[in-house]
There are 2 protein chains.
Amino acid sequence: MSPVRRSTVYDVAREAGVAASTVSRAFSDPRRVNAVTREHVLNVAERLGYRPNPLASALQSGRTATIALLVPDIANPHFFGTIRGAEARASASGITFILGYTQESADNEREQILRLDRSVDGFVLASSRMSDATTVELAREHNMALVNRQVEGLPSAIVDNGGGSRQIIDHLASLGHRSVVYLSGPEQSWQAKERWRGLSAAAGRCGMAATRLGPFSPRVAGGAAAADAALVSGATAFVAHNDLLAIGMLRRLAERGIRVPRDRSVVGYDDIFGADFCVPALTTLAGPHEEAGRAGVELLLNRVSRAAAGEAPRQVVLPAHLVVRDSTGPAPD
Amino acid sequence: MSPVRRSTVYDVAREAGVAASTVSRAFSDPRRVNAVTREHVLNVAERLGYRPNPLASALQSGRTATIALLVPDIANPHFFGTIRGAEARASASGITFILGYTQESADNEREQILRLDRSVDGFVLASSRMSDATTVELAREHNMALVNRQVEGLPSAIVDNGGGSRQIIDHLASLGHRSVVYLSGPEQSWQAKERWRGLSAAAGRCGMAATRLGPFSPRVAGGAAAADAALVSGATAFVAHNDLLAIGMLRRLAERGIRVPRDRSVVGYDDIFGADFCVPALTTLAGPHEEAGRAGVELLLNRVSRAAAGEAPRQVVLPAHLVVRDSTGPAPD
DNA sequence: TCGCGCATGGCAAGCGATTGCCAAAAGTTG
DNA sequence: CAACTTTTGGCAATCGCTTGCCATGCGCGA
């Protein structure tokens with residue numbers, strides 16, 4: 001492997017007949033060095049195959065040009081959009097992208113932040129499971145932005161599932177449904193709360209009965225329990241915490257001989273890969289999750305400059321929209 | 001954010017009444033310091049909330065406790081298994097995990113390796129698009145392991161798609177098919193070559209006609225072109241480069257009124273999320289991809305010690321197995 | 001001609017750990 | 001008890017870059 005000695009600022013400096021500081025500035029602060037000198041230094045550097053050592057640079061300057069994205073569950077296709085968007089935005093700025101997996105645990109999340117602290121310039125937390133208090137406290141010492149979670153005083157980018165839930169209710173209401181049950185996700189999930197808040201508020205407005213069951217494991221495997229519970233509830237429309245759960249429910253309902261959408265309607269959230277080709281194709285609340293990931297990184301990168309300018313952190317809200325497919329239909333008699 | 005001054009070895013040293021070197025050793029080389037002293041140092045460190053700065057440590061020691069996984073395409077669910085496995089194995093060893101996305105480009109891959117070089121202890125390349133020559137050359141200066149790609153002299157972990165392809169042919173042959181067409185993936189894809197090699201060899205052995213078409217974009221969107229081309233070929237069995245392509249083909253075939261599996265049979269590779277609930281459910285060659293990701297990291301971590309012991313790099317081959325679902329059936333008359 | 005300011009480059013002190021080497025203390029052995 | 005080994009801790013150099021501060025030289029106005 002690497003028995004090769006990489007060249008350093010000093011090698012370049014010697015070869016170019018300047019001081020190391022000049023080499024450093026030629027790369028990082030062009031205005032600080034004469035254009036001719038700079039050109040010369042860059043040429044020599046090129047010839048020697050010099051690349052600045054990011055570790056040494058970070059150690060001295062405190063800037064790592066690296067960010068970390070922490071997600072609760074790598075297995076969940078829902079996060080792929082966020083991951084892609086975040087990675088793309090980071091690499092567009094030449095920033096190294098660390099992916100951390102917190103296993104749906106707030107402690108784990110906290111631990112990763114502490115561990116990575118010095119190695120990154122900041123964190124993007126996707127669907128963070130930490131309490132508001134813990135989050136705020138950590139934010140005092142660590143640069144961070146949230147995705148699909150809002151906490152007072154912190155920059156965040158969310159897909160408006162709360163508001164979007166209204167679209168679900170309107171859709172169901174127009175199909176004649178009078179009762180809906182929400183199959184809830186993890187208890188610490190801010191999104192689960194938002195979704196329920198949106199659903200119950202909208203249901204209230206149009207006189208529809210709304211109940212909540214759960215929590216259920218937000219995976220395909222959780223669908224069986226959710227479907228059974230939903231059937232017992234007597235509601236005609238089932239809204240699942242996410243598409244994985246919804247797909248699992250569809251499967252269970254089919255097993256039990258319940259016809260969707262004739263007997264019951266099913267709605268999910270996220271519009272994940274597969275939502276369009278499961279059977280029946282799933283009606284679901286889609287959102288620009290890739291965009292949210294991108295925005296999360298953007299907010300993080302801007303945070304320091306905004307704070308310096310005395311501006312408040314931004315809370316970006318991206319619109320969600322309902323994709324109507326085959327899993328919803330008129331309420332049964 | 002972080003106006004806080006983190007404590008350093010020196011703070012701990014002063015507070016504990018020892019030298020900084022002792023503090024350092026208390027953490028990294030326990031045998032080198034008396035058990036009582038060590039305990040004391042650790043207590044003081046704990047009290048001061050000391051955490052070693054990984055950057056400073058890496059700069060001096062050359063060890064970063066970080067690895068990078070490079071994948072061609074974050075959007076492809078096929079890689080999720082690999083990513084999960086690799087992440088899990090890395091974090092089990094307390095190793096920071098960098099995810100890089102190479103956009104199916106060999107140049108990009110190379111550039112990332114050069115860029116990250118000093119920041120990581122090594123690279124795991126998943127389905128690398130680089131030529132053997134480039135790979136070997138880079139491997140001289142960089143610690144790396146391959147997943148789903150074999151190159152002479154480098155450690156690798158692959159899912160045996162070449163061998164597994166025989167299972168596909170056997171399955172199709174037993175259903176009476178006499179001709180098969182392979183809808184190929186990216187030209188630089190080693191896997192695509194392996195799959196075709198396996199298919200054509202096995203087909204030859206049982207007197208089945210095998211042809212190859214393509215390359216096609218290995219995504220759902222590529223399925224339409226692939227399906228149309230496959231139909232023209234006249235073969236009764238279609239083997240797609242991966243499940244995404246296969247799902248796209250199923251969709252196109254349905255549009256065109258071709259019934260699967262009655263009129264044609266379709267097989268994919270990877271058994272991705274969704275392969276079991278698309279319609280018809282997809283027959284596909286499944287493999288332990290998570291395991292492959294894990295093994296890739298494992299090989300990387302062991303590489304240095306094995307090289308020191310004069311052992312040759314290992315080439316791990318993990319078995320694939322055919323999952324028969326509804327997209328394959330008896331050959332039409 | 002003198003003085004002043006600005007552009008440019010160099011010096012050297014860090015950043016926070018690791019580690020080779022040395023010395024003192026403690027333990028072993030005959 | 002002398003001589004020798006082993007254990008343990010400290011010193012100080014080092015990893016490669018950044019950056020505050022100083023020195024030089026030049027242009028330019030008065």
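Just so it is clear: chains get the letters A, B, ... in the order the sequence lines come, proteins before strands, and each one is counted from 1. Note that the structure is a prediction, hence the values are computed from the model and not measured.
Here B/Thr22 reaches the OP1 or OP2 of D/dG10: one of its side-chain N or O atoms lies under 4.0 Å away. Applying the 4.0 Å criterion to OP1 and OP2 of C/dC11, one finds that A/Arg25 has every side-chain N and O outside that range. Distances shown here put a side-chain N or O of B/Ser57 below 4.0 Å from the OP1 or OP2 atom of C/dT18. Taking side-chain N and O atoms only, A/Thr37 has a distance below 4.0 Å to OP1 or OP2 of C/dG9. Dashed line: the shortest gap from a side-chain N or O of B/Tyr10 to OP1 or OP2 of D/dG10 is not under 4.0 Å. Listed pair B/Asn34 / D/dT8 meets the phosphate criterion, a side-chain N or O lying under 4.0 Å from OP1 or OP2. Look at B/Arg51 and you won't find any side-chain N or O under 4.0 angstrom from OP1 or OP2 of C/dA17.
A/Ser21 contributes a side-chain N or O that forms a donor-acceptor pair with the base of C/dC11 under 3.5 Å.
Between the CD atom of A/Glu39 and the C1' atom of C/dT8 there is a distance of 17 Å, rounded to whole Å. Following rounding to the nearest Å, B/Asp11 (CG) and C/dG16 (P) show an atom-to-atom distance of 9 Å. Atom CZ in A/Arg38 sits about 17 Å away from atom P in C/dA7, given to the nearest Å. Spacing between atom CZ of A/Arg118 and atom C1' of C/dG16 amounts to 9 Å, rounded to whole angstrom units. Following rounding to the nearest Å, A/Asp29 (CG) and D/dC17 (P) show an atom-to-atom distance of 17 Å. Atom CG in A/Leu59 sits about 14 Å away from atom C1' in D/dT19, given to the nearest Å. We find that CD of A/Gln60 is positioned 4 Å from C1' of D/dT18, with the value rounded to whole Å. A straight line from CZ of B/Arg14 to P of D/dG10 spans 14 Å, rounded to a whole angstrom.
Two residues are said to be in side-chain contact when any heavy atoms from C-beta on lie closer than 4.5 Å; A/Glu152 and A/Asp132 fail this criterion. Inter-residue side-chain proximity for A/Leu125 and A/Ile113 is flagged as met; some heavy-atom pair is nearer than 4.5 Å. Side-chain contact check for A/Leu48 versus A/Glu15: some heavy-atom pair is nearer than 4.5 Å. No side-chain heavy atom of B/His142 sits under 4.5 Å from any side-chain heavy atom of B/Val120.
With distances taken from any side-chain atom of A/Val18 to the nucleotides C/dG10, C/dA17, D/dG9, the minimum falls on C/dG10. Of the listed nucleotides (D/dG16, D/dG10, C/dA17), D/dG16 has the atom at the smallest distance from the side chain of A/Val9. The listed nucleotides are D/dC17, C/dA17, D/dG9; the one nearest the side chain of B/Val33 is D/dG9.
A donor-acceptor contact closer than 3.5 angstrom is absent between the side chains of A/Gln112 and A/Thr102.
Across all strands shown, B/Arg63 has heavy atoms under 4.0 Å from sugar-phosphate atoms exclusively, and none from any base. As judged by a 4.0 angstrom heavy-atom cut-off over every strand, A/Ser24 is placed among the base-contacting residues. Among the heavy atoms of the strands lying under 4.0 Å from B/Ser61 are primed sugar atoms or P, OP1, OP2 only; no base atom is included. Among the heavy atoms of the strands, none lies under 4.0 Å from B/Val23. Looking at heavy-atom distances under 4.0 Å, A/Phe27 makes no contact with the nucleic acid at all.
The 5' end of DNA chain C is approached more closely, in terms of each residue's nearest nucleotide, by B/Leu55 than by the other of B/Leu55 and B/Arg32.
A parallel orientation is assigned to the rings of B/Phe80 and A/Phe80, their planes being inclined by less than 30° (bins at 30° and 60°).
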